[in-house]
J.: 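Take this structure, written in structure tokens, and hold onto it; I'll ask about it next.
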Amino acid sequence: MLGRHVRSLRFLSIIFADEPALMPHVRFYQRLLARDEDEASVLVERKMEEIGPVGVIDQVLMPTLLLMIQHRSQEEILPDDAEFVLDNIAETVQLIAPPATPQSDTPRIVGLAARMSADQLALEMLAAALRPECMETIPEDLSPERAINTVLEKPPAAVCIVALTPTRGAEVRNYCRRIRNSAPNTKIVVLRPALTEVDASRSIERLKEAGAHCVVPTTQAAVEALSELLGPEKVPAVRETLEVKAQAV
């Protein structure tokens with residue numbers, strides 16, 4: 001009752017809810033807030049069997065991350081709770097990522113996140129969806145200026161920019177402009193999972209004006225965009241991911 005009617009205690013309605021119809025990411029988040037790592041792991045394992053690693057990222061891990069960011073920004077969970085959720089998601093990403101397979105002819109793809117820990121974790125999810133050998137990720141401890149300079153030192157075939165919160169729009173647009181001006185042949189894919197339908201059209205338009213070739217809401221859409229922009233025959237690891245999806249269907 002308190003969780004339903006007191007804003008600062010709203011997270012309690014998630015922890016103690018027992019409705020079987022809860023979305024998978026809400027159940028996963030619920031188990032983490034309750035510090036029930038075993039049950040959270042079982043849920044991920046079951047979803048892996050049903051929808052594979054990319055499906056788990058898009059339907060469980062990424063929505064959980066967004067929910068945690070929302071609750072933390074509204075001070076509905078404590079910093080320790082947020083840190084625990086982040087750590088558990090990071091461990092889960094490592095567990096579900098397929099083993100790296102060296103590819104000699106794969107175009108260089110670089111991943112760049114907005115300068116927040118949650119953004120970097122979302123970038124790691126995208127790298128896992130692409131397969132670990134396909135993407136070089138820029139470390140999160142670099143300043144925005146150093147991060148973009150690292151990308152441009154050796155312009156890659158494509159850059160994937162990840163930002164979870166809508167408030168990072170200016171930073172992402174600046175990245176797009178810098179890359180477009182200094183490396184016009186580099187393809188730019190922007191992953192923005194948190195855009196609402198109300199804000200999406202204008203935000204996507206502004207990002208494309210800044211130089212983005214494609215703005216997508218999910219890691220699967222990012223994989224597909226890279227395959228389309230670079231050519232599946234040139235990105236075998238990306239093509240394998242899409243083929244697995246097609247076989248599942």
Side-chain angles (χ1 to χ4, degrees), residues 25 57-58 61-74 77 79 82-83 85-87 89-90 93 108-130 132 134-153 155-156 158-183 186-223 225-226 229:
H25 74 279
I57 289 170
D58 280 336
L61 302 184
M62 193 74 76
T64 298
L65 187 55
L66 293 171
L67 194 56
M68 182 278 295
I69 292 171
Q70 175 190 336
H71 285 178
R72 183 68 200 114
S73 68
Q74 297 172 350
I77 61 173
E83 192 67 28
V85 172
L86 283 172
D87 290 344
I89 292 176
V93 171
R108 182 169 175 254
I109 302 172
V110 173
L112 176 63
R115 304 288 86 190
M116 295 179 64
S117 296
D119 297 310
Q120 191 72 20
L121 180 51
L123 180 61
E124 296 298 334
M125 293 187 206
L126 178 56
L130 283 169
C134 291
M135 179 182 287
E136 170 191 336
T137 59
I138 302 299
E140 67 175 311
D141 58 352
L142 300 181
S143 66
E145 183 66 20
R146 181 57 184 152
I148 192 66
N149 286 339
T150 300
V151 173
L152 296 174
E153 283 173 2
V159 176
C160 296
I161 304 173
V162 178
L164 295 182
T165 60
T167 57
R168 313 303 292 186
E171 182 178 349
V172 175
R173 289 193 299 273
N174 181 57
Y175 283 156
C176 290
R177 291 190 191 96
R178 294 283 301 275
I179 295 168
R180 174 60 56 244
N181 292 335
S182 300
T186 295
K187 307 300 183 183
I188 303 172
V189 175
V190 178
L191 175 59
R192 297 298 307 271
L195 287 181
T196 64
E197 292 185 5
V198 175
D199 299 330
S201 297
R202 179 56 183 156
S203 295
I204 291 172
E205 179 184 348
R206 295 182 71 187
L207 286 167
K208 289 185 174 181
E209 289 173 354
H213 291 86
C214 190
V215 182
V216 296
T218 66
T219 57
Q220 181 62 57
V223 170
L226 286 169
L229 290 169

J.: Is there a side chain to side chain contact (heavy atoms under 4.5 Å, CB included) between V189 and H213 once you walk through the steps?
T.: CA-CA 6 Å; V189 175; H213 291 86; 5.8 Å; no
J.: Which heavy atom of I69 sits nearest to which heavy atom of A118, and what is that distance?
T.: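 The pair with the smallest heavy-atom distance is CD1-CB, 3.7 Å.
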J.: Using side-chain hydrogen bond (donor to acceptor under 3.5 Å, both in side chains) as the criterion, list what pairs up with T64, not counting sequence neighbours.
T.: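 Here no residue qualifies.
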J.: Checking R72 now: which residues fulfil side-chain hydrogen bond (donor to acceptor under 3.5 Å, both in side chains) with it, not counting sequence neighbours?
T.: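 R72 satisfies side-chain hydrogen bond (donor to acceptor under 3.5 Å, both in side chains) with no residue once adjacent residues are dropped.
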J.: Give the minimum heavy-atom separation between P156 and T186, together with the two atoms involved.
T.: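 Closest pair (atom of P156, atom of T186, distance): O-OG1, 2.7 Å.
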J.: Could you check whether any side-chain N or O of N149 sits under 3.5 Å from a backbone N or O of E145, counting only pairs where one atom can act as donor and the other as acceptor?
T.: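 Checking the backbone N and O of E145 against the side chain of N149, a donor-acceptor pair under 3.5 Å is found.
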J.: Using the salt bridge (charged side-chain N to carboxylate O under 4.0 Å, His left out) criterion, which residues pair with R108? Sequence neighbours excluded.
T.: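 For R108 the salt bridge (charged side-chain N to carboxylate O under 4.0 Å, His left out) partners, ignoring immediate neighbours, are E136.
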J.: Grab the two heavy atoms, one from R192 and one from A163, that are nearest each other, plus how far apart they are.
T.: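 Reported closest heavy-atom pair: NE-O, 2.9 Å.
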J.: Only counting residues at least two apart or in another chain, list the ones meeting side-chain hydrogen bond (donor to acceptor under 3.5 Å, both in side chains) with E171.
T.: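 Partners of E171 under the side-chain hydrogen bond (donor to acceptor under 3.5 Å, both in side chains) test: R168, Y175.
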J.: Inspect the surroundings of CZ in R206 and state if more than 12 heavy atoms from other residues, nucleotides or ligands are less than 6.0 Å away.
T.: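 Check fails, neighbour count at 12 or below.
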J.: Testing V159, I204, V172 for side-chain contact (heavy atoms from CB on, under 4.5 Å) with V190, which one passes?
T.: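 For V190, the side-chain contact (heavy atoms from CB on, under 4.5 Å) check succeeds only for V172.
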J.: Nearest 0.5 Å, please: how far is CG in L142 from CD1 in I138?
T.: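 Rounded to the nearest 0.5 Å, the CD1-CG separation comes to 7.0 Å.
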J.: For residues I188 and C176, report the shortest heavy-atom separation together with the two atoms involved.
T.: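 Smallest interatomic distance, heavy atoms only, reads CD1-O, 3.7 Å.
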J.: Taking all non-hydrogen atoms of both residues into account, name the closest pair between I57 and M125 and its distance.
T.: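 Smallest heavy-atom distance, with atoms named: CD1-O, 3.4 Å.
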J.: Using a strict 4.0 Å threshold on nitrogen-to-oxygen distance, state whether E209 and R180 make a salt bridge.
T.: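 No, no charged N to carboxylate O under 4.0 Å.
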J.: Applying side-chain contact (heavy atoms from CB on, under 4.5 Å) between C160 and each of L191, L112, V110, L226, report the one that passes.
T.: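 It is L226; the other options fail the test.
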J.: Kindly say whether T218 contributes a backbone atom to a donor-acceptor pair with the side chain of D58 at under 3.5 angstrom?
T.: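 No, the answer is negative, given that no donor and acceptor are paired below the 3.5 Å cut-off.
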J.: Checking E83 now: which residues fulfil side-chain hydrogen bond (donor to acceptor under 3.5 Å, both in side chains) with it, not counting sequence neighbours?
T.: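 Applying side-chain hydrogen bond (donor to acceptor under 3.5 Å, both in side chains) to E83 gives none.
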J.: Under the rule for salt bridge (charged side-chain N to carboxylate O under 4.0 Å, His left out), what residues qualify as partners of R146, not counting sequence neighbours?
T.: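 Here the qualifying residues are E153.
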J.: Can you tell whether the side chains of E205 and R202 come within less than 4.0 Å, N to carboxylate O?
T.: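 So E205 pairs with R202 through a salt bridge.
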J.: Could you give the distance from CD1 (I161) to CG (N174), rounded to the nearest 0.5 Å?
T.: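 Rounded to the nearest 0.5 Å, the CD1-CG separation comes to 9.5 Å.
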J.: Keeping the roles fixed (side chain from S182, backbone from I179), state whether a donor-acceptor pair exists under 3.5 Å.
T.: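 Pair absent, no side-chain N/O of S182 close to backbone of I179.
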